[in-house]
Amino acid sequence: MNYDFKSAEKKWQERWEREGVFNAVDGSDKPKFYALVEFPYPSGAGMHVGHIKAYSGLEVVSRKRRMQGYNVLFPIGFDAYGLPTENYAIKTGIHPRKVTDINIEKFTSQLKRVGFSFDWNRVIDTTQEDYYKWTQWIFLKMFENGLAFRDKTLVNYCPSCKVVLSNEDSQGGKCDICHSDIIQKSKDVWYLRITRYADKLLEGLDEVNFLPNIRLQQENWIGRSTGAFVNFKIKDTDETLRVYTTRPDTLFGVTFMVMAPEHPLLDRYKEQISNFDEVESYRAECAKKTEFERTQLVKDKTGVKLSGFTAVNPVSGKEIPIFISDYVMMGYGTGAIMAVPAHDQRDYDFAKKFGADIIEVIKGGDIEKEAYAGDGEMVNSGFLNGLTNKKDSIAAMIKHLEEKGVGEAGVQYKMKDWAFNRQRYWGEPIPIVYCDTCGMVPVPYNELPLRLPEVQNFAPGSDGESPLAKIDSFVNCTCPKCGAKARRETDTMPQWAGSSWYFLRYIDPHNNERFADADKLKYWGQVDWYNGGMEHVTRHLIYSRFWHRFLYDIGEVPYKEPYAKRTAQGLILGPDGEKMSKSKGNVVDPNDVVDALGADVLRTYVLFMGDYEKAAPWSESSVMGCKRFIDRVWGLTNMIGEGEGYSAKLETSFHKTIKKVSDDLETLKYNTAIAALMTLLNQIYAAGSVTRKELETFIALLNPIAPHVTEEINEVIGNKTLLAVTPWPAYDEAKCVDDEIEIAVQINGKVRAKVVIPADADADTAIAKAKAEPGAVAFIEGKTVIKELYVKGRLVNIVVK
RNA sequence: GCGGAUGUGGCGGAAUUGGCAGACGCGCUGGCUUCAGGUGCCAGUGAAUGCAAGUUCAUGUGGGUUCGACUCCCGUCAUCCGCACCA
């Protein structure tokens, strides 16, 4: 009898769903396990084998946990707001709602065909009213708590998408969506004050178990640095120019200052700065540069020296010039720096070009040649002279500054506040009303959701206005506070809003009273294990930790950190070793694999193809190896022989394999778990027959990975209970070792022979046996034995001279 | 520039964390089998050398520690990723 994977897979998928085998039970007595995978963006292209790999890891763990008696919550949903759907709508005129529904249906059927054990009763769609109502609700809570605010600043702007982007969405100076160069534009935008949570997000990392590289990337992104703020007096004014520095101890070496060209102080002293026309033309020059160009010109510094506008060094009392230059960014620190050319290469380059003084304050380098950033004895630094420890000199200087009232210790972050509004249609409307008398007024909670209105044209206006701005019936409203005529905010939230709290909604997806019931939140608690892509580590993972922590702070969720553990899978590359992309034509469609070889083969292969955390290329022929494996597993049904329990020959192998698979599935080592099952299968084939007990153990171990074929076998051998709810096989540690073992006999560390000894042999026995081995004798004869070692169960090493 | 990771057969990758390098799979070679047609079964497969038992070499590269190193230490090269004029 051949295994007909097509009908079998369909049969089992239908039965699982019919019986609700994978539905999580609220408040069950069993221990809970909440496994989370990043919900997909339902794009028109359909799913990708990469999605399958991303979900298969925790899919296997979830199935195993159910067999181990856990109440498992393993949900899925759709992160459906976003630009690709909107752009498609602009191009085709088809409403994004319709496109989204079609795509979600497509994704759902694809996911079901693979046999994932998701709880389909808890599916969420971020674009549904009953979901985004709560996204808006959380936004209003943030607004209420001063975490959502408007500000006019320089923002990242994509001229092609005509949209403001967050810092996270413009990594590398490129638009996250269309990869155009980002420009800096002065705009009045919504921000979420994520910087207020910088320290909490940093400290929270201590409480959770994230892969080290994930943790590090978050730390770097937050980018905390400590130093001091120093106030420099501007000569002939009451003004001070404030700077941030990590090295206040080099203050005696400050020979000039540099302000960002956009620094607002400049405009206030237009009159005093006699060459303000130069300032303006330099600004115009800078505005033309993209973020990329601005960072490319690292060596060739440009700038303008201000005339009639100088500062006073607060420790030396010397008058020093002020420049403007675009190597100083308005977005970090205070937008101005104190330049220490002797000990900072950028300042050094600038000083050389503009003829500023270079004063050495730390010994150890050669400042004739380049800036010296190392440690050393302080010189030319008044009260700091002679100090050799960086920490001491920094502390001494800060103390001095604080006593004089011209500065204080301070902290800075690279992370910036989250630019939150998008001038787009397909997103959650921001529930704020502008009233001439009351200002910004939140839409009352009981009026949520603020529905996304229908529009005819999804394209943003040429002036970069949201499509919603054209809908008078949406824009015009009354002020909830005073009843006067008012206007609505017409921008929408970014794609990342809905995904910032979705893991909470899975806990109670149909609740109309709250985003999730408090008791249910308590029962399910943290996500026990969250797996997703590395590309989200400095976006979604930061954002969602921030939202969650905020909800904790206002008492809405019972625990600080949302995710107890976070891992990341590696990409699946195309067969050519390149990243899969439509344009390269190297995309593998999971549907094709399921059609041709079956879901079990696809599932097995994505886990077997390599280290789960690393990128690996897809290989047509390697998939066939997994197909062969699954077919051979089916072949076991023809090999059932006599005998109870494990056969003497295979008992140890079974215990070892149960142990290995049990361990490996917990540590992302799916590839070696499958390899161990393949090895065991080969051993069974070599033995020629399999006992019922052996077969039952084997299919139980394989079930989380290849659930269909194993359920089918389980049925064929007459078992009525689903394998999915059968207990996970147990092993006996004592039976994991063979009675007799073969160990290596080394002479001077080189293997010269092998010898079989009892596993519990002592060192003397083992060494004596090893020395008698003919292969070893030849190397020992005529030499003096210096040392003899026995490493239990491994080898004997005889050192001779 | 800073930070991180990786480097093992023809390929994807193993290696109990200092103990027999190359598990498992692909590919390849030979044989068997079937209605000869992609996907069955068996055996072999790191390199060099040898009729052979064997011997020598081999985990990017150069040193070191050790009875013993893919694993630890120092140097070096290469590739990939992240951040980037962050003061």
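Atom set for the values below is all heavy atoms of this structure, side chains included, hydrogens, waters and symmetry mates excluded. Convention: sequence-line order gives letters A, B, ...; per-chain numbering from 1. Just so we're clear, the structure is a prediction, and the values are computed from it rather than from any experiment.
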Listed pairs under 3.5 Å, donor-acceptor, residues 220-227 of chain A side chains, sequence neighbours left out:
unit_1: A:W221; atom_1: NE1; unit_2: A:E168; atom_2: OE2; d: 2.9
unit_1: A:R224; atom_1: NE; unit_2: A:D199; atom_2: OD1; d: 2.8
unit_1: A:S225; atom_1: OG; unit_2: A:Y244; atom_2: OH; d: 2.8
unit_1: A:S225; atom_1: OG; unit_2: A:Y332; atom_2: OH; d: 3.4

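- Residue pairs meeting the salt bridge (charged side-chain N to carboxylate O under 4.0 Å, His left out) criterion with at least one member in residues 743-752 of chain A: none, sequence neighbours excluded.
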Under 3.5 Å between N/O atoms: give me all the protein pairs with nucleotides 40-44 of chain B, atom names plus distance.
unit_1: B:rG40; atom_1: OP1; unit_2: A:R628; atom_2: NE; d: 2.7
unit_1: B:rC41; atom_1: OP1; unit_2: A:R632; atom_2: NH1; d: 3.3

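- Residue pairs meeting the salt bridge (charged side-chain N to carboxylate O under 4.0 Å, His left out) criterion with at least one partner in residues 408-417 of chain A, sequence neighbours excluded, are A:R242-A:E408.
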Tabulate below the donor-acceptor pairs under 3.5 Å that side-chain atoms of residues 669-676 of chain A make, not counting sequence neighbours, or state none.
unit_1: A:Y670; atom_1: OH; unit_2: A:G57; atom_2: O; d: 3.0
unit_1: A:T672; atom_1: OG1; unit_2: A:D664; atom_2: OD2; d: 2.8
unit_1: A:T672; atom_1: OG1; unit_2: A:K669; atom_2: O; d: 3.1

Between protein and nucleotides 1-3 of chain B, what N or O pairs are separated by less than 3.5 Å?
none

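- Within residues 761-772 of chain A, no residue has any heavy atom under 4.0 Å from RNA chain B.
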Whether each nucleotide of nucleotides 5-22 of chain B has a protein heavy atom under 4.0 Å at its base (B), only at its sugar-phosphate (S) or at neither (-) is summarised, 5' to 3', as -------BSSSB--BB--

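- Mapping A:A596 and A:Y332 onto RNA chain B by nearest heavy atom places A:A596 closer to the 5' end of the strand.
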Can you check nucleotides 34-37 of chain B for protein contacts, nitrogen or oxygen pairs under 3.5 Å, and list what you find?
none

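- Under the side chain to side chain contact (heavy atoms under 4.5 Å, CB included) criterion, A:L571 pairs with A:L573, A:K579, A:A615, not counting sequence neighbours.
- Remark: A:H655 pairs with A:Y646 by the ring-ring contact (aromatic ring centres under 6.0 Å, His included) rule, at least two apart or across chains.
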A correct dot-bracket answer for RNA chain B, with pairs being Watson-Crick or G-U at under 3.5 Å, [ ] for crossing pairs and | for inter-strand pairs, is (((((((..(((......[....)))((((((.......))))))((((....))))..(((((..]....))))))))))))....

